[in-house]
Amino acid sequence: MTISHIVRRPDRRRFLLGCIGIFCSLGAWQAAGSVWPTTISRPTRVVRELVSLGRSGDLLGMLGSSLLSLLIGAGAAVVLGIVIGLLAGRYRSVRTVLMPYVTCIYSVPFVAFVPLFVVWFGIGRTFVVVSATVAGTVVIIIPTTAGVVAASAKYGELGRSLCIPQLRLFWSVFLPAAVPYVLTGVRLAVERCLITVIVAEFLVGFNGLGLLLSDARSSLNADEVFAVAVATAVLGITFTSASTYVEHRFEGRLG
Amino acid sequence: MSSEPAVASPLPTLQKNTPSRRSSRRLWWRPRIGARRYSDFLLRVVAMCIVLGGWQLASGSVSRVVLPSPLGCLRAADNLVTSGELSSAWVASLGNIGVAVGASTIVGLVLGIMLGRYSAVDSLTAPVFASVFLTPKIALLPIITLWLGYETNAKILFIFGFTLFEMLYTIRKGVKEVGRDYIEFGRSICLSEAAMIRKVILPSIWPYTLVGLRLSILHGLVGAVLAGFFLENSGIGGLVYESGSTFHTANLFVVIFSIMVVGLAISYGLSKLERQLVPWQRLGA
């Protein structure tokens, strides 16, 4: 299932009904919150809590820290994933050797590896970034390889008969041909990296959204719990929608 | 299962140049007749030997905590299996996943049919559901702790958060893709709404339910691991967490490997089952 089934091009009626739906659920939350304020908080208090978290600098600092880890990790994952994917797609032997391992790592809930990375990389930013990088790389390798395999079936022979140097072939034929596949990979990778970053921070208490979640869990203050959840939700929705948008944009152009 | 014709074709068949779907999906460790497949297999065996050999060599020069040797891992595996620790952790986790998946199948069917069938309900709730779906589920953890604490119920609810949406969205997609002809026909013979759902929609979304089941079990596994980390440290996630935090790296390797095996088994087993039960439909996802 892809996100495109869920976030689709808005039409007017859908949009209006959607807005009504959001307002009704916020209203219901507010009403229920005034009955059980300590269990489910309420939107107005969540906003107040978010503002006060923002004022104290906690929220922005933590968000910034998470974003930094996410960007470094996802960036490294994209580069590594594309390089490995190009090699695996182009050379059959590389593919034969590598793919079983990639499939194995891909099919495990990646979060299971995070404690292993704690043992290897400590509890600093290195650990958070490395976890995100590995999580993302695996997801990018698979579609990129598929893309390059398709492209080299199409253009490989042509390139060889025109005597195009290998490096040039990678750069100006296979890489552009694989872009739509890579972008699918990138979308999946961004989601995975984000989750991994938050889980990693949560696990070791490194500065970031994970730490906020961890604090909220131990404080058991409904307002704080819901405020942090809303902040995480906003971050998650922003990143997933942005990467879905980029993917669709390019899909349309490169077809 | 076998796609080969029973009667031998009079023409010589070109084994190598007929790309069959099945051969590409074959498990990687099974050697195939045919030079290329056989050399692939050899290559993989050699590569695996190099990996294992390198691992053994590397583990000699660093601490056991950083990298346990392959033999050390085998010993740890033996310990974990004979003490029953591994199996009891899996039983607990799979039980939780089972309850969560069962609940999300029921809720997913009811909600999915509603959303797929009535577009007004769908438009009304789409943004709300989508925003919960796109939220990293880990954000629900403090909320669940607040409501239910750290025990089994909290774990099941947390896993349910992972499983529900996979089921719901797959079924919703299935309901939307029920053939127009069937719906029109049902309407023209004046089927009541209940009969329409029971006789037209439910049979057509059956393949999607299977896909939803596979996806939600796989996501439930992620939930179960995270639940073991951040809620009560029991089950398979708890075993990972404890092996990691006490620096029993060999145990950690073994437990992660067992998760890998279970994950692969579920995804291969269920997609095989899908092909057996609904061979006419090739579903992605």
Side-chain angles (χ1 to χ4, degrees), chain A residues 1-3 5-7 13-22 24-25 39 92-93 96-97 99-101 103-105 107-116 118-120 191 194-195 198-199 202-203 209-210 213-214 216-217 220 222 224-226 228-229 231-233 235-237 240-241, chain B residues 28-29 40 43-44 47 51 65-66 119-120 122-143 145-147 166 169-170 172-173 215 218 221-226 229-230 236-237 240-241 243-245 247 249 252-253 255-256 259-260 263-264 267 285:
Chain A
M1 178 183 30
T2 55
I3 306 296
H5 296 119
I6 301 147
V7 186
R13 180 167 166 274
R14 263 187 87 78
F15 181 74
L16 276 177
L17 278 175
C19 288
I20 295 173
I22 290 177
C24 288
S25 21
T39 352
R92 205 188 135 77
S93 50
T96 312
V97 171
M99 274 310 154
Y101 301 99
T103 317
C104 282
I105 298 177
S107 58
V108 194
F110 187 80
V111 288
F113 285 103
V114 175
L116 186 60
V118 178
V119 176
W120 285 345
E191 281 169 54
L194 180 63
I195 293 168
I198 296 176
V199 168
F202 199 156
L203 197 65
L209 272 178
L213 282 170
S214 172
R217 182 186 61 161
L220 289 187
E224 191 183 338
V225 166
F226 277 89
V228 175
T232 315
L235 194 70
I237 294 167
T240 347
S241 325
Chain B
W28 57 275
W29 40 264
D40 277 6
L43 193 59
R44 277 178 184 150
V51 168
V65 170
V66 176
S119 76
D122 188 31
S123 314
L124 203 62
T125 53
V128 179
F129 279 138
S131 45
V132 183
F133 176 66
L134 296 179
T135 305
K137 300 293 173 306
I138 183 85
L140 302 180
L141 200 114
I143 301 179
T145 313
L146 177 69
W147 289 346
E166 299 304 317
Y169 281 121
T170 317
R172 187 183 88 152
K173 184 169 164 240
L215 292 178
L218 288 175
L221 205 54
V222 181
V225 170
L226 286 177
F229 286 2
F230 301 124
I236 199 65
V240 172
Y241 182 82
S243 314
S245 56
F247 292 99
T249 317
L252 189 56
F253 270 72
V255 180
I256 293 177
I259 298 177
M260 200 179 278
L264 280 173
S267 96

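To find a chain, count down the sequence lines: A is the first, B the second, and so on, and within it residues start at 1.
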Participant: Under a 4.5 Å heavy-atom cut-off, does chain B meet the side chain of A/Ile237, its backbone, both or neither?
Facilitator: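 The answer is both parts of A/Ile237.
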
Participant: Run the side-chain contact (heavy atoms from CB on, under 4.5 Å) test on A/Leu203 and B/Phe230 for me, step by step, so that the C-alpha distance in whole Å, both residues' side-chain angles and the decisive distance to 0.1 Å come before the verdict.
Facilitator: CA-CA 8 Å; A/Leu203 197 65; B/Phe230 301 124; 3.7 Å; yes

Participant: Do A/Val199 and B/Leu226 pass the side-chain contact (heavy atoms from CB on, under 4.5 Å) test, and can you show the C-alpha distance, the side-chain angles, and the key distance before you say yes or no?
Facilitator: CA-CA 8 Å; A/Val199 168; B/Leu226 286 177; 3.7 Å; yes

Participant: Below 4.5 Å, heavy-atom pairs only: which of A/Gly236, A/Cys19, A/Pro115 has the largest tally toward chain B?
Facilitator: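 Option with the greatest count: A/Pro115.
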
Participant: Measure A/Val111 against the heavy atoms of chain B and call it side chain, backbone, both or neither at under 4.5 Å.
Facilitator: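 Both parts, backbone and side chain.
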
Participant: Looking at every heavy atom in both B/Leu43 and A/Thr96, which two are closest together, and how far apart are they?
Facilitator: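 Of all heavy-atom pairs spanning B/Leu43 and A/Thr96, the closest is CD2-CB, 4.2 Å.
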
Participant: Between A/Arg14 and B/Asp122, is the side-chain contact (heavy atoms from CB on, under 4.5 Å) condition met? List the steps.
Facilitator: CA-CA 9 Å; A/Arg14 263 187 87 78; B/Asp122 188 31; 3.5 Å; yes

Participant: Is chain B contacted by the side chain of A/Val228, its backbone, both, or neither, given a heavy-atom distance below 4.5 Å?
Facilitator: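 Neither part; nothing is under 4.5 Å.
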
Participant: Report which part of A/Ser25 has an atom under 4.5 Å of a heavy atom belonging to chain B: side chain, backbone, both, or neither.
Facilitator: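 A/Ser25 touches chain B through side-chain heavy atoms alone.
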
Participant: Between A/Ala222 and chain B, which part of the residue has a heavy atom less than 4.5 Å away: side chain, backbone, both or neither?
Facilitator: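 Both backbone and side chain.
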
Participant: Where does A/Ser214 contact chain B at under 4.5 Å (heavy atoms): side chain, backbone, both or neither?
Facilitator: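 For A/Ser214, there is no contact with chain B at all, as no heavy atom is under 4.5 Å.
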
Participant: Based on non-hydrogen pairs under 4.5 Å, which of A/Leu16, A/Leu209, A/Leu116 is most in contact with chain B?
Facilitator: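 Max contact count across the listed options: A/Leu116.
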
Participant: Between A/Leu194 and chain B, which part of the residue has a heavy atom less than 4.5 Å away: side chain, backbone, both or neither?
Facilitator: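 Interface part for A/Leu194: side chain.
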
Participant: Can you name the nearest heavy-atom pair linking A/Ala112 to B/Phe229, along with the distance?
Facilitator: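 Looks like CA-CZ, 4.3 Å.
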
Participant: So B/Arg44 and A/Tyr101, side-chain contact (heavy atoms from CB on, under 4.5 Å) or not? Walk me through it.
Facilitator: CA-CA 10 Å; B/Arg44 277 178 184 150; A/Tyr101 301 99; over 6 Å; no

Participant: How close do B/Val66 and A/Trp120 get, heavy atom to heavy atom, and via which atoms?
Facilitator: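 Heavy-atom minimum between the residues: O-NE1, 2.6 Å.
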
Participant: What heavy-atom pair brings B/Gly244 and A/Val119 nearest, and what distance separates the two atoms?
Facilitator: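 Smallest interatomic distance, heavy atoms only, reads O-CG2, 4.1 Å.
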
Participant: Between chain B and each of A/Ile198, A/Ile195, A/Thr39, count heavy-atom pairs under 4.5 Å; write down the option with the most.
Facilitator: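 Most heavy-atom pairs under 4.5 Å with chain B: A/Thr39.
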
